[in-house]
Chemist: 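Once you've had a glance at the structure underneath, I'll fire off some questions.
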Amino acid sequence: MSITVRPIEESEWPAFVAVDYEAFSATYPVEIADRWREVLEIDRLLSAFDGDLMVGCAAALSFEMTVPGGPIPVAGVTSVGVLPSHRRRGVLTALMTRQLHGLHEEGREAVAALYASQAAIYGRFGYGRAADTLNFRIPTHGSVFTRSAPADPALRLRVAGPADALADLRRIYDAVRPGRPGMYARSDGYWRTEILPDTEHDRGGMGPLRCLIAEDATGARGYALFRAKAGWDEHGVPDGEVRLLELFASDPAAYALVWRGVLDRDLCTVVHAERRPVDDPITHLLAEPRQLHAGWFDDLWIRLVDVDRALASRAYAAPADLVLDVQDEFCPWNAGRRRLVTDKASCEPTGAPADLTLPVDVLGAAYLGGRSLRAAADAGLVREHRPGALRELSAAMAWDPAPWGCRVF
């Protein structure tokens with residue numbers, strides 16, 4: 001079998017969708033593919049071919065993502081799949097090789113990011129688990145806030161149609177996004193095709209998309225997007241549920257009020273909140289935090305496509321001047337020693353002796369500031385050659401708040 005990988009032509013879009021559907025065992029209505037086409041860039045769609053047969057696919061989205069210190073261009077890797085008939089035959093490796101080499105040659109983005117369908121897949125291609133997320137299942141009867149929960153008497157809640165409130169949603173999201181690593185800019189098309197759609201497929205058995213806005217006389221300060229489903233148990237007792245899709249606010253009082261609006265929904269006994277940040281303030285607001293029933297999952301995976309540019313593109317929490325010996329078999333241009341000087345935002349090749357030796361996936365995992373290098377060293381993944389170098393780099397790369405991407409792209 002000889003596999004070739006190349007960008008697709010516009011006429012091959014239906015075949016690309018078919019491979020993606022088959023790879024993920026998915027069944028979507030026709031309009032879902034039309035929405036994807038509005039967001040995906042045809043020249044950034046790769047397919048693998050066995051002769052004339054398309055057997056694999058991969059895409060990259062062009063967007064701006066917040067990293068420590070501000071936003072940078074990032075390639076959002078998505079729609080990566082291989083036909084079941086061609087698994088374990090090198091197709092995924094061929095796709096990842098072509099994509100990463102292409103990103104390097106184009107030079108548009110020094111960093112790639114993805115959400116992994118399976119956590120074990122992408123580490124071997126140099127991606128590191130850079131962010132985590134929490135899922136909550138909060139029984140409403142256990143959702144009392146602490147006495148110190150912030151409040152502002154000027155605030156009120158307003159029920160709004162999500163599409164009608166888009167200007168307010170965008171303003172709040174865009175105000176919050178620059179402050180948290182991992183959050184990415186949303187284009188008009190992304191809001192329209194990924195955040196606000198409300199077909200039966202999007203509902204997934206729940207009710208229509210709903211919106212709550214916290215506002216005062218000056219305008220909106222927070223919002224929640226959610227779905228609800230009514231229900232009663234066998235005794236006629238209300239037993240509805242809420243699925244919180246996203247919740248943002250520009251200040252603590254608005255944040256607390258929007259959460260209360262979600263938790264106090266009439267006739268609902270449980271709120272499912274998926275993909276929340278690991279430092280979500282709700283963990284401090286609930287009087288009984290055990291009622292969060294939290295589950296921990298991986299969120300964003302980060303790949304440094306060009307180590308020197310990537311490390312020079314972010315800010316650091318502490319000064320550091322050290323030589324890193326980076327191991328990267330998949331992208332050989334990254335391998336070798338480079339000197340990182342954080343005060344100068346400089347990372348360049350050097351012949352000086354290494355202070356630390358570490359693989360590129362560990363650097364990717366630490367890139368957004370939420371992953372301890374000490375833990376990686378304790379796992380045997382980092383070698384320290386100069387005493388204190390590990391602490392120096394770990395302190396420099398740490399960042400607050402914790403990284404989080406919010407929505408899967």
Side-chain angles (χ1 to χ4, degrees), residues 2-8 16 19-20 23 40-49 54-65 67 72-82 86-131 182 184 298 300-314 324-336 338 347 349 358-368 381 405 408-409:
S2 177
I3 296 295
T4 58
V5 178
R6 61 169 174 79
I8 71 167
F16 184 96
V19 170
D20 186 85
L40 295 176
E41 303 152 79
I42 200 73
D43 63 337
R44 307 203 87 178
L45 306 186
L46 295 174
S47 282
F49 292 84
M54 189 183 296
V55 298
C57 57
L61 298 166
S62 306
F63 55 56
E64 184 181 85
M65 177 180 284
V67 303
I72 65 169
V74 168
V77 176
T78 187
S79 295
V80 180
V82 177
H86 284 69
R87 293 222 168 100
R88 296 176 178 83
R89 298 167 68 178
V91 178
L92 180 59
T93 299
L95 282 164
M96 290 291 96
T97 301
R98 174 61 184 270
Q99 185 178 67
L100 286 169
H101 281 244
L103 293 174
H104 171 64
E105 292 163 5
E106 291 171 3
R108 292 162 56 179
E109 300 107 348
V111 174
L114 59 77
Y115 286 92
S117 56
Q118 291 179 280
I121 295 177
Y122 291 97
R124 68 181 190 268
F125 303 121
Y127 284 86
R129 179 176 170 175
Y184 52 91
D298 58 290
L300 280 167
W301 292 68
I302 294 293
R303 212 301 177 189
L304 305 189
V305 178
D306 287 290
V307 167
D308 293 343
R309 288 173 52 211
L311 292 181
S313 296
R314 57 155 289 178
L324 309 178
D325 186 4
V326 179
Q327 300 171 326
D328 191 345
E329 296 180 1
F330 207 74
C331 296
W333 56 86
N334 284 329
R338 60 250 307 127
C347 186
L358 70 174
V360 73
D361 61 303
V362 169
L363 268 181
Y367 187 72
L368 296 181
L381 303 177
V408 176
F409 49 77

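Quick caveat, the model's predicted, so the values are computed rather than measured.
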Chemist: Any idea which heavy atoms bring D361 and G123 closest together, and the distance?
Modeler: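 So the two residues come closest at CB-O, 4.4 Å.
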Chemist: Mark yes or no for whether R108, through its side chain, and P73, through its backbone, hold a donor-acceptor pair below 3.5 Å.
Modeler: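 Answer holds: no.
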Chemist: Should we count CD of E329 as having more than 12 external heavy atoms under 6.0 Å?
Modeler: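 At most 12 heavy atoms, drawn from other residues, nucleotides or ligands, come within 6.0 Å of this atom.
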Chemist: In terms of the angle between their ring planes, are Y122 and Y127 parallel, tilted or perpendicular, with boundaries placed at 30° and 60°?
Modeler: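 Judged by the thresholds at 30° and 60°, the geometry between Y122 and Y127 is perpendicular.
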Chemist: Quick one: does any side-chain atom of W333 pair with a main-chain N or O of H101 as donor and acceptor, under 3.5 Å?
Modeler: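 Looks like no, no N/O pair under 3.5 Å.
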Chemist: Has the side chain of D298 got a donor or acceptor atom that lies under 3.5 Å from a matching backbone atom of A116?
Modeler: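 No; judged by distance alone, with no hydrogens or angles, the pair does not exist.
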Chemist: Please check this pair: side chain of Q99 against backbone of L46, looking for a donor-acceptor N/O pair closer than 3.5 Å.
Modeler: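 Not at all, since once roles are kept as given, no pair shorter than 3.5 Å links the two residues.
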Chemist: Compare every heavy atom of R314 with every heavy atom of Y367, then report the nearest pair and how far apart it is.
Modeler: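 Y367 and R314 have their closest heavy atoms at O-NH1, 2.7 Å.
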Chemist: With a 4.5 Å heavy-atom cut-off, do D308 and P349 have their side chains touching?
Modeler: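 Result yes, sub-4.5 Å side-chain heavy-atom pair found.
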Chemist: Ignoring hydrogens, what is the shortest heavy-atom contact between V67 and S313? Give both atom names and the distance.
Modeler: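 Where V67 meets S313 most closely, the heavy atoms are CG2-O, 4.3 Å.
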Chemist: Is there side-chain contact between V80 and I121, with at least one heavy-atom pair below 4.5 Å?
Modeler: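 Answer no - side chains too far apart.
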Chemist: Is a donor on one side and an acceptor on the other found under 3.5 Å between the side chain of R303 and the backbone of G364?
Modeler: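 Pair absent, no side-chain N/O of R303 close to backbone of G364.
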Chemist: Which label fits Y184 and F63: parallel for a plane angle under 30°, tilted from 30 to 60°, or perpendicular past 60°?
Modeler: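 Correct class here is parallel.
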Chemist: Looking at Y115 and G405, what are the two nearest heavy atoms and their distance?
Modeler: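 Heavy-atom minimum between the residues: OH-CA, 3.3 Å.
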Chemist: Is R338 reaching over with its side chain to a backbone N or O of G336, donor-acceptor style, under 3.5 angstrom?
Modeler: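 Indeed, once roles are kept as given, a pair shorter than 3.5 Å links the two residues.
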Chemist: Give the minimum heavy-atom separation between F16 and C57, together with the two atoms involved.
Modeler: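 Heavy atoms only, the tightest pair is CE1-CB, 3.3 Å.
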Chemist: R309 side chain to G107 main-chain N or O, any donor-acceptor pair under 3.5 Å?
Modeler: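 Judged by distance alone, yes, a pair lies under 3.5 Å.
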